[in-house]
Amino acid sequence: MRRMVAEHRLHPAELILPAFVREDLREPVEISSMPGVYQHTLDTLRKAAAEAVAAGVGGIMLFGVPEEAKKDAVGSQGTDPDGILQRALREVRAEVGDDLVVMSDLCLDEFTDHGHCGVLDERGRVDNDATLERYAEMACVQAEAGSHVLGPSGMMDGQVGFVRRALDEAGHQDVSLLAYTAKYASAFYGPFREAVNSSLTGDRRSYQQDPANARESLRELALDLAEGADMVMVKPALPYLDVLRRVADAVDVPVAAYQISGEYAMVEAAAQRGWIDRDAAIMETLTGVKRAGANLILTYWATEVARRLS
């Protein structure tokens, strides 16, 4: 009876698998702070994508990790057609075609030697407008490599509109934008920085949102929609369910939430210690995100949960 009258249900097609591919690997490497999640080789990434398709997962979001020696101040590998992320996009599209929505992270932080999401000025501050030019180049290269959906995640002012214009002018009108609308300067990103071999020193509070603020997210939402966002996202998920609800109530486009690395790590660590029921906790967290208004959920458990739901 509880199943029959349940108000919210998860579906595999709503789940998106974030995946990391690292350039200098011969074998996949497990991320120590995210047990069960790996930095992939191109071959194992193809396998992970195929497994996601078989499980009914809706999409995959790719993050590229270049060799340390190839990082530079402007993130050149992010716009190199032979950079690791572009190679990964081509490999995954060759594997799954259109059976999986292939998405890519549109940001410089994985590729810069300073680890920030943009180009720095002479005083060491992120230069918003110079960064937009780099994002436009990245967008076109990723689209040409086969990405269906780009995720501008750097939180630069005007990024959605700038990228949309660049894509349209290059003939990529059919490539969609998943805007990172409300991306907070969170303490829960720690494991992700291990996953992408981040070079960051300091923090990103000058361009990510203050956890104390909620109205600010609605202002960002209005701007992203006006600039042409096809979908919008709240990140992280669990600490910001109230923001997710407000965003979902305000829009008529699909709303995504990213259940980030720290959220994943907390559940896995507590379960390893026998403090919680792992499987029940996973489903409860995802149901909570769905209940708060998410149509799409990025989660490192995507394939596992999709199999369970099938």
Chemist: Applying side chain to side chain contact (heavy atoms under 4.5 Å, CB included), can you list everything that pairs with S76, at least two apart in sequence or on another chain?
Modeler: D72, V74
Chemist: Does R87 pair with E23 as a salt bridge, N-O distance under 4.0 Å?
Modeler: yes
Chemist: Using a strict threshold of under 4.0 Å (side-chain N to carboxylate O), is an ion pair present between E95 and K47?
Modeler: no
Chemist: Classify the side-chain pair T41/E27 by whether it contains a donor and acceptor separated by less than 3.5 Å.
Modeler: no
Chemist: Between R308 and E304, is there a salt bridge with N-O shorter than 4.0 Å?
Modeler: yes
Chemist: Strictly below 4.0 Å, N to O, side chains only: are D242 and R246 in salt-bridge contact?
Modeler: no
Chemist: Run the ring-centre check on Y184 versus Y240 and record whether the distance is less than 6.0 Å.
Modeler: yes
Chemist: By side chain to side chain contact (heavy atoms under 4.5 Å, CB included), which residues pair with Q86, not counting sequence neighbours?
Modeler: R90, V141, Q142, A145
Chemist: Identify whether the distance between the nearest side-chain nitrogen and carboxylate oxygen of E110 and K71 falls below 4.0 Å.
Modeler: no
Chemist: Which residues pass the side chain to side chain contact (heavy atoms under 4.5 Å, CB included) test with E137, not counting sequence neighbours?
Modeler: T79, R134
Chemist: Spell out, as yes or no, whether a donor-acceptor pair under 3.5 Å connects the side chain of D121 to the backbone of G124.
Modeler: yes
Chemist: Among E216, R215, Q209, whose side-chain hydrogen bond (donor to acceptor under 3.5 Å, both in side chains) with N213 holds?
Modeler: E216
